[in-house]
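Data block below; observations after.
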Amino acid sequence: MQFGETFRVAFSSIRANKLRALLTTLGIIIGVAAVITMVALGTGAQRAVEAQINSLGANVFSVVPGQSFRMGVASDNRVALTVDDAAALQKDGTLLAGVVPEMSTNAQVKYLNKNLNVSILGATANFDEVRNYTLAHGRMFTAGEDAARQRYAVLGSSVPEQLGANPAALIGTQISIRGVPFEVIGVFQPKGSQGWQNPDEQILIPLNTARYRVMGTDRLRTIGIQVRDGIPVEQGMVDMERILRREHKIRPGGENDFSIRNPKDILATQEAATKILGALLLSIAGVSLIVGGIGIMNIMLVSVTERTKEIGIRKALGATKVNIMLQFLVESMVLCITGGAVGILLGTGLSYAVSSFMKWNTFVSPVAVAVSFGFSAAVGIIFGLLPAQKAAKLDPIVALRYE
């Protein structure tokens with residue numbers, strides 16, 4: 001029997017049992033679709049975390065108020081970070097490229113007939129440079145406008161939508177923060193949620209305006225610090241710690257009354273957790289593929305038993321062991337490859353559906369598609385081998401007598 005004839009017979013057998021072939025391939029379809037979807041979710045989540053890490057800016061970390069200690073025992077009172085602390089860091093930090101003092105509060109914001117309660121952030125004019133923000137419309141306030149306590153506001157990207165206004169059209173208009181009128185001079189591009197906060201839902205105003213016109217305090221929520229190019233962040237942390245310990249009069253050996261927060265460490269931990277979860281989900285999907293392969297092997301063994309007499313006739317007509325074996329391998333591979341192709345389409349569709357309706361980050365990886373398709377073909381060979389060998393080894397005389 002020629003190879004072409006072998007393939008024709010294999011396809012004829014599949015067409016003769018269409019329903020059984022469909023049910024047999026379901027395991028492969030579900031397994032491949034699960035692999036594609038899980039990888040898309042995992043890759044999308046990982047890319048989202050990487051984008052958040054990149055959006056934080058180069059060599060940036062933060063200092064936040066901590067606890068005071070007496071005789072090695074932590075006090076209930078939190079030690080304040082002040083504007084003077086930020087000024088000392090700016091003046092004496094030899095390894096620090098930028099220092100941004102930040103104070104914040106939640107406040108009522110009014111625009112026409114809209115009324116919101118959002119985070120108001122007071123910061124210096126280098127906020128966008130240090131924190132790696134980009135303006136979509138308008139401009140940033142200047143250091144001179146900060147010193148003059150000008151009532152200017154730069155909105156996070158989500159605020160115009162909450163106010164029911166076009167971002168570009170808001171430039172030059174007035175909003176009211178705690179009853180104080182502010183002119184909108186800029187709107188930031190989307191930054192994305194950073195887990196512990198969403199900077200797109202805040203309003204930035206000059207630090208001195210916040211200090212004297214809105215909040216009435218010199219206490220800071222945090223101090224953002226950017227280390228000079230080429231200097232490791234850890235060295236910048238040591239430089240900052242030296243200055244703040246001096247300003248807070250902490251004796252050698254004493255505990256710091258402030259905390260250092262490196263957002264990249266937090267996001268890196270989140271990224272590692274995402275990878276572990278992705279690997280777990282992928283392994284579960286892989287088990288589905290193996291189960292589907294076992295189902296195909298089971299059906300093929302049944303098929304060999306059902307077609308024993310047919311095999312005997314073909315052998316009597318001159319079919320070799322290789323011909324018989326190839327016929328059953330082709331049937332198994334066609335089932336798996338067809339199931340793999342349908343599974344890829346289904347998994348891709350599910351990935352886009354999840355992205356569209358649930359707003360999750362997904363990315364269909366070409367590598368995952370290729371591996372899934374190759375794995376489905378390999379399943380066809382591996383799990384079709386035993387039934388093919390069993391069919392090839394049948395004695396034609398015994399097979400012809402089989403009822």
Side-chain angles (χ1 to χ4, degrees), residues 55-65 80-107 118-157 159 175 177-178 180 182-189 191 194 197 199-229 231 233 236-237 239-240 243-244 247 258 260-263:
S55 72
L56 295 174
N59 300 334
V60 175
F61 66 95
S62 301
V63 186
V64 296
L81 288 176
T82 66
V83 174
D84 290 339
D85 291 327
L89 290 170
Q90 185 70 66
K91 178 183 176 183
D92 300 331
T94 57
L95 303 180
L96 310 182
V99 176
V100 180
E102 302 171 14
M103 58 177 62
S104 69
T105 187
N106 279 5
V118 296
S119 174
I120 307 300
L121 179 67
T124 49
N126 61 341
F127 172 85
D128 59 333
E129 180 182 350
V130 172
R131 291 297 194 184
N132 197 28
Y133 278 69
T134 305
L135 285 164
H137 306 281
R139 66 178 181 87
M140 186 70 177
F141 53 80
T142 65
E145 290 166 343
D146 180 15
R149 306 175 192 175
Q150 294 290 337
R151 291 172 296 179
Y152 289 149
V154 183
L155 311 183
S157 63
V159 176
I175 61 174
I177 301 175
R178 283 188 176 173
V180 180
F182 279 77
E183 180 185 344
V184 177
I185 63 169
V187 178
F188 286 123
Q189 287 187 358
K191 187 74 169 175
Q194 296 174 357
Q197 64 178 350
D200 294 332
E201 297 179 352
Q202 67 186 13
I203 297 176
L204 178 69
I205 62 177
L207 179 69
N208 284 296
T209 307
R211 180 179 179 183
Y212 294 105
R213 292 180 181 267
V214 178
M215 303 179 197
T217 181
D218 67 343
R219 295 194 170 193
L220 303 175
R221 178 192 71 177
T222 183
I223 301 175
I225 297 174
Q226 184 180 41
V227 180
R228 293 186 185 278
D229 291 340
I231 304 297
V233 174
M237 290 178 178
D239 194 26
M240 175 278 304
I243 297 168
L244 281 190
E247 291 296 308
F258 52 86
I260 302 172
R261 179 181 294 165
N262 189 351

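Side chains included, hydrogens not; waters and symmetry mates left out as well; all remaining heavy atoms used. All residue numbers in this chain count up from 1 along the given sequence.
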Please report the interatomic distance CD1(Ile177) to CE(Met215), rounded to the nearest 0.5 Å.
8.5 Å

When rounded to the nearest 0.5 angstrom, what distance separates CD1 in Ile223 from CZ in Phe258?
9.5 Å

Under 3.5 Å: donor-acceptor pair, side chain of Lys191, backbone of Asn132
yes

What are the two closest heavy atoms between Ile231 and Gly236, and how far apart are they?
CG2-N, 4.5 Å

Using the side chain to side chain donor-acceptor pair (under 3.5 Å) criterion, which residues pair with Asp84? Sequence neighbours excluded.
none

Is a donor on one side and an acceptor on the other found under 3.5 Å between the side chain of Thr222 and the backbone of Val63?
yes

Can you tell which of Arg131, Arg261, Arg221 makes a side chain to side chain donor-acceptor pair (under 3.5 Å) with Ser62?
Arg131

Testing the basics here: between Pro206 and Tyr152, what is the closest heavy-atom pair and its distance to 0.1 Å?
CD-O, 3.2 Å

Please determine, by modelled atom types, if Thr82 and Asp218 share a side-chain donor-acceptor pair under 3.5 angstrom.
no

With sequence neighbours excluded, what pairs up with Thr124 under the side chain to side chain donor-acceptor pair (under 3.5 Å) test?
Asn126

Quick one: which residue pairs count as a side chain to side chain donor-acceptor pair (under 3.5 Å) with a foot in residues 205-214, not counting sequence neighbours?
Asp146-Asn208

Taking all non-hydrogen atoms of both residues into account, name the closest pair between Ile225 and Leu89 and its distance.
CD1-CD1, 4.0 Å

State, to 0.1 Å, how close Gly98 and Val130 come at their nearest heavy-atom pair, and which atoms those are.
CA-CG2, 4.1 Å

side-chain contact (heavy atoms from CB on, under 4.5 Å) assessment of Met240 paired with Val99
CA-CA 10 Å; Met240 175 278 304; Val99 176; over 6 Å; no

Mind listing the closest non-hydrogen atom pair of Ala88 and Glu247 along with its distance?
CB-CD, 3.6 Å

Rounded to the nearest 0.5 Å, what's the gap from CG on Asp239 to CG on Asp92? Could you check?
9.0 Å

Flag if over 12 foreign heavy atoms under 6.0 Å of CD, Glu145:
yes

To the closest 0.5 Å, what do you measure between CG (Leu244) and CD1 (Ile260)?
8.5 Å

Test side-chain contact (heavy atoms from CB on, under 4.5 Å) on Leu220 and Asp85 and set out the steps.
CA-CA 9 Å; Leu220 303 175; Asp85 291 327; 5.7 Å; no

Using side-chain contact (heavy atoms from CB on, under 4.5 Å) as the criterion, point out the one residue from Ile203, Asp200, Ile175 that pairs with Val159.
Ile203

Nearest 0.5 Å, please: how far is CG in Leu207 from CZ in Phe141?
8.0 Å

Quick check on side-chain contact (heavy atoms from CB on, under 4.5 Å): which of Met140, Arg139, Gln202 does Val154 satisfy it with?
Met140

So do Leu204 and Phe188 actually touch side chain to side chain, heavy atoms under 4.5 Å?
yes

To the nearest 0.5 Å, atom CE of Met103 lies from atom CZ of Arg219 at 11.0 Å

Work out which heavy atom in Ser157 is nearest to a heavy atom in Val187; give both atom names and the distance.
CA-CG1, 4.4 Å

Between the side chains of Arg178 and Thr105, is a donor N or O closer than 3.5 angstrom to an acceptor N or O?
yes

